[in-house]
Amino acid sequence: MRNYPDELDFVGLVGHVCQQSMPEDYKQEWGKPWRAEVLPMIPESFTTKKIDRTLDLYNMIVNKIKNGHYDYLICGTDAGREGELIFKMFYKDAKLKLPVKRFWASDTTAETVEKALNNLIDNSSPEIQNLEKAAFLRSEFDWLLGMNLSRSVTLKSNVYIPVGRVMTPTLGIVVERELAIRNFVPENFWEIEGLFEGYKGMWIHAETGERRIDKLETAEAVIGRISDAKKAKVLSMDTSRKTSYAPGPFSLMQLQIEGSRRYGYTASEVLDIAQSLYEKHKLLTYPRTSSSFLPKSLGATITKHLEPLQYVPELANYAKEVLADPALIKQVMGKKSYVNDAKVTDHHGIIVTNVVPNLSILSEAELRIYMLVAKRLMGMFLPPLLTDVTTLMTGVNNEKFVTRGKIIVDEGYTVLYPKSNKQKDDDDDDDSVLPNVKEGDEVNVEGINILTRKTTPPKRFDDASLLSAMFNAGNLVEEEELKNVMKKTEGLGTEATRATIIEKLVSLKMMERQKKIIIPSDFGIAIIQHLNGRDVVSPVLTAEWETKLLAVQNGEYSADVFRKEMEDYITQNTSDVLANMGALSGFTTNSGGGKKTDGSYDNSEKEVLGKCPKCGGSVIEGKTYYLCENYKNPCTVIIGKEYFKAKVTKTDVKTMLKGNVSKPKKLTYGSGKTSESALKINPDGKLMAEWMN
C-alpha cells in the first residue's frame with residue numbers, strides 16, 4: 001500500500017486449519033466405547049488439533065513465520081467472531097509468540113483496505129480481547145453440548161442420536177410443521193360474492209373489513225338483507241400510486257432462497273455455484289455474507305462493477321445508459337436502502353466483480369446465479385416500478401363490497417425479469433378489471449352468491465422457506481428481549497452453515513427430500529418427541545446463550561462467569577438425560593444412518609470402496625449415501641448417490657477415490673435443463689462436477 005511504512009508478506013488460511021480436540025484426545029476413557037459413567041466430559045482447559053486436510057498448509061505457514069524474521073503478524077481474517085476464531089486457534093496451536101495486530105475491514109476495495117492497514121488494531125485492545133473470548137466460548141459451548149448430549153441421549157435411547165445447538169432446533173421446526181399438517185382438520189368458512197354490472201366485488205364486514213365469515217347462518221343473514229336488491233351504488237373509487245424500488249444486493253441466504261424458488265436448487269447447490277463463480281471465475285464478490293448492503297466506500301469504484309454488464313447481452317443497453325449518467329450513479333449510491341455502513345457485516349452484499357464474464361464457459365447453473373446477482377445490481381440503477389392501485393367500494397342495502405385492481409404505469413426495474421417471474425401481490429383481486437364508473441353511480445345487481453371455502457394446512461418446507469424459518473427463528477421465541485437477540489444474531493446458524501445443517505439432517509435420515517419438499521422422517525419425528533420438550537429443541541437455547549456471548553463480546557459480562565454457567569448447564573442437562581430418558585423404541589441403529597451407539601459406523605459387513613481423502617478411513621456404502629466409516633466421529637465425508645439427478649455408482653466412487661474422474665454424467669437441474677460433466681471427489685471429500693475447483 002502506498003502509505004504503509006512496512007514491507008508486507010501475505011498468506012491465506014483458507015478457513016479453519018485447526019479444530020477443537022476430540023474427547024479421546026483429552027482422556028482415553030472418553031473415547032470408544034461411549035460410557036455413561038464418564039459423562040459429562042468437561043476439559044479442564046480446551047485444546048485444539050490440526051486438521052488433516054490442511055496439515056501441509058499449516059506447516060508451511062508455521063515454518064514461514066518462524067524462519068521469516070517477521071516483526072509482527074497481521075490477522076486479516078473476516079471481521080467477526082468466526083474470523084477471529086480461525087486465526088486465534090491457529091496462533092495458539094502453533095504456539096506463536098509474535099505480536100499481533102488486527103486488520104478490520106468489511107469490504108476489499110482499495111480505499112478500505114488501505115485505510116484498515118493504516119489503522120490496525122492492537123491485539124491487546126479490549127474489543128479484540130473480548131471478541132476472542134466470545135469466539136472461543138461459543139466454540140467450547142457447542143463442543144460441550146454436542147459431545148455430552150449426543151452421547152447421553154444416544155446411550156439412553158439405544159439409537160445413535162446426535163444433538164446440536166442449531167441442528168436439533170432446526171429439526172424441531174420441521175417436525176412441528178409436519179405434525180401441524182398431519183393433525184390439521186379443515187374447517188369451513190364462507191365468503192359472499194356480489195356480481196355487478198361488468199365487475200364483481202367481495203363482501204366485507206363494515207367495521208373490521210374482514211371477508212371471512214365463520215358461520216353459515218351469518219352469511220345467510222347477510223344474503224337475507226340484500227337478496228332482493230336490484231341496484232347497488234358506487235360508494236367510493238380511490239386510486240393511489242404505488243412506487244416499488246428494486247431490492248438491493250443479495251445476502252447469501254437471499255440468493256439461496258431466490259435460487260431455490262426460481263430454479264429448484266437446494267441451498268447447498270446455490271452455495272456451491274456461488275463459490276465457483278467467486279473462486280474459479282472471479283465473477284462474484286465474497287458469497288458467504290449475511291449483509292445485503294454496500295459500504296459507502298464502494299461508491300468511488302461502483303462503476304468498475306457496472307462496466308462488465310455492458311458485455312452481457314441481456315443487460316448491455318441498460319448498463320450503457322446508467323454508465324453515461326454519473327449523477328444517477330451518485331444518487332443511487334447515496335440511498336440508505338442500498339448503502340449503509342452500519343448494516344455491512346463481515347462482508348458487503350454479493351455483487352458482480354469488475355471481471356468481464358465469458359458467459360460461454362459458464363454452466364447453466366452458474367449462468368443463472370450470475371444473472372440473478374447481475375440483475376440485482378443493475379436494477380438498483382433503474383427506475384422504480386409504478387402501479388396505480390384502485391379500490392372500488394360498492395354498497396348494497398348498507399352492506400359493502402370491495403373490488404381491487406391495479407394498472408402498471410411504468411415497469412421500471414422489472415423489465416429485467418420475464419413476466420412469468422414477476423411476483424404477484426397476495427390479494428387475489430388485485431388483477432381485477434375495473435369498470436368505468438365513478439362515485440355516486442348506480443349499477444345493476446346481477447347476482448349475490450355464498451362461496452364455501454375450506455381452511456388449508458400450513459405448507460411443508462422447501463429449502464427457501466426452511467432457510468427463512470431458520471433466519472427468523474426469533475419469531476418462535478415469546479420473550480421480547482430474547483426475540484430481539486435472535487433478530488440481531490439472525491436466528492439459527494449463519495449464512496455459511498445453514499445449508500450444511502439442512503444437508504446434515506438429511507444425511508442422518510432425520511429429514512428427507514421429496515422433490516423440492518423437505519419433510520421429517522419418522523425417525524426425526526420420534527427424536528423430537530423423545531427429547532420431550534427439552535430446551536435443546538427450542539431456539540430459545542440459542543437466544544439465551546447468544547445474549548450472554550454478546551455481553552462478553554461487548555465487555556459487559558465476565559468470560560469466567562459464562563464458562564461456569566456453561567459447565568453447570570451441561571452438567572445439569574447431561575444428568576437429567578441419564579436419569580430420566582428411556583429407550584427409543586421402534587428404531588434400530590440403521591435408523592440413524594447406520595451408526596453404532598458409540599458414534600462409529602457399523603461397517604463389519606460393508607465393502608470398502610476406497611480410502612477417505614480426508615482422514616484415511618474406509619469409505620463404505622450406506623442405504624442412501626457413500627460415507628467414511630468415521631463420519632461425524634470426527635470425519636465429515638459423505639457422498640450422495642445422486643448428483644443433480646445423475647446416479648453415482650459404487651464403481652464411480654471407487655474410480656474417484658483413486659483420484660480419477662467418473663464417466664460423463666447427464667446432470668439435470670431444477671428447471672429440467674441438462675448438461676454433461678464428469679464427476680470428481682475433491683481433497684475435502686466433496687463430490688462436484690469436473691469443471692469446479
Side-chain angles (χ1 to χ4, degrees), residues 11-32 38 40-66 73-78 80-100 102 123-124 128-148 150-151 162 164-166 494 496-497 500 545 549 552-553 559-560 562-563 566-567 570 599 612 614-617 628 630-637 683-685:
V11 69
L13 285 176
V14 295
H16 282 280
V17 294
C18 294
Q19 62 186 5
Q20 292 284 1
S21 296
M22 296 302 293
E24 58 270 22
D25 297 323
Y26 293 100
K27 296 180 182 180
Q28 184 178 352
E29 59 267 29
W30 285 2
K32 299 174 187 175
V38 304
M41 302 174 295
I42 301 178
E44 290 183 13
S45 61
F46 279 85
T47 61
T48 57
K49 61 189 295 185
K50 303 166 189 63
I51 297 175
D52 290 342
R53 73 176 185 276
T54 55
L55 184 58
D56 289 343
L57 174 63
Y58 176 101
N59 290 331
M60 182 274 288
I61 298 174
V62 171
N63 290 333
K64 186 179 181 70
I65 291 172
K66 291 184 175 179
L73 300 177
I74 298 175
C75 170
T77 50
D78 288 351
R81 201 184 285 166
E82 193 64 21
E84 192 69 17
L85 184 67
I86 288 172
F87 174 77
K88 290 296 173 60
M89 270 192 168
F90 162 74
Y91 183 86
K92 293 184 176 184
D93 188 88
K95 298 180 172 58
L96 300 175
K97 301 297 183 183
L98 283 174
V100 175
R102 189 58 158 97
N123 186 66
S124 61
I128 297 300
Q129 288 293 300
N130 291 331
L131 178 67
E132 178 184 327
K133 290 174 184 177
F136 275 97
L137 285 171
R138 185 184 66 176
S139 177
E140 291 163 7
F141 180 66
D142 284 346
W143 189 99
L144 288 170
L145 188 147
M147 294 296 178
N148 287 290
S150 294
R151 294 188 181 202
R165 179 180 59 86
V166 175
T494 67
T497 62
T500 304
W545 287 96
L549 278 172
V552 170
Q553 187 170 324
D560 291 336
F562 184 100
R563 183 170 283 103
M566 178 174 72
E567 292 174 357
I570 296 300
C612 173
K614 189 171 181 181
C615 75
C628 177
N630 300 317
Y631 181 63
K632 295 303 176 190
N633 199 41
C635 192
T636 58
V637 172
D684 288 346

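Values reported hereafter were calculated over all heavy atoms of this structure, with side chains retained and with hydrogens, waters and symmetry mates removed.
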When rounded to the nearest 0.5 Å, the distance separating CD1 of Ile65 from CZ of Phe90 is 4.0 Å
On a heavy-atom basis, the closest approach of Thr47 and Gln20 is O-OE1, 3.4 Å
Tightest non-hydrogen contact, residues Gly31 and Glu24, listed as CA-CB, 3.7 Å
**OP:** Step by step, work out the side-chain contact (heavy atoms from CB on, under 4.5 Å) result for Arg81 and Leu549.
**Re:** CA-CA 10 Å; Arg81 201 184 285 166; Leu549 278 172; 3.8 Å; yes
Parallel, tilted or perpendicular, judged at 30° and 60°: which one describes the rings of Trp30 and Trp143?
tilted
Of Gln553, Arg102, Lys133, the one forming a side chain to side chain donor-acceptor pair (under 3.5 Å) with Glu84 is Arg102
- Sub-4.5 Å side-chain heavy-atom contact between Lys88 and Leu131: no
Open item on the list: Within the structure provided, determine whether Val552 and Leu137 are in side-chain contact (heavy-atom separation under 4.5 Å).
Closed with: yes
dist Ile42:CD1 -> Glu140:CD (nearest 0.5 Å) comes out at 11.5 Å
Between Cys18 and Ile51 the two heavy atoms that sit nearest each other are O-CD1, 3.6 Å
Heavy-atom closest pair (Lys50 atom, Asp93 atom, distance to 0.1 Å) is NZ-OD2, 3.4 Å
Within 45 degrees of the axis of the six-membered ring of Phe136 and under 6.0 Å from its centre: does Lys92 put its NZ or CZ there? yes
Minimal heavy-atom distance between Gly617 and Cys628, with the atoms involved, is CA-SG, 4.2 Å
Side chain to side chain, Val38 and Lys27, heavy atoms closer than 4.5 Å
no
- Looking only at side chains, do Lys614 and Thr636 share a donor and an acceptor under 3.5 Å apart? yes
Closest non-hydrogen contact found for Leu144 with Pro43 is CD2-CD, 4.1 Å
Exercise. Counting distance only, does the side-chain N/O of Asp25 pair as donor-acceptor with the main-chain N or O of Met22 below 3.5 Å?
Worked result: yes
Would you check if the side chain of Tyr91 reaches a backbone N or O of Leu98 as a donor-acceptor pair within less than 3.5 Å? yes
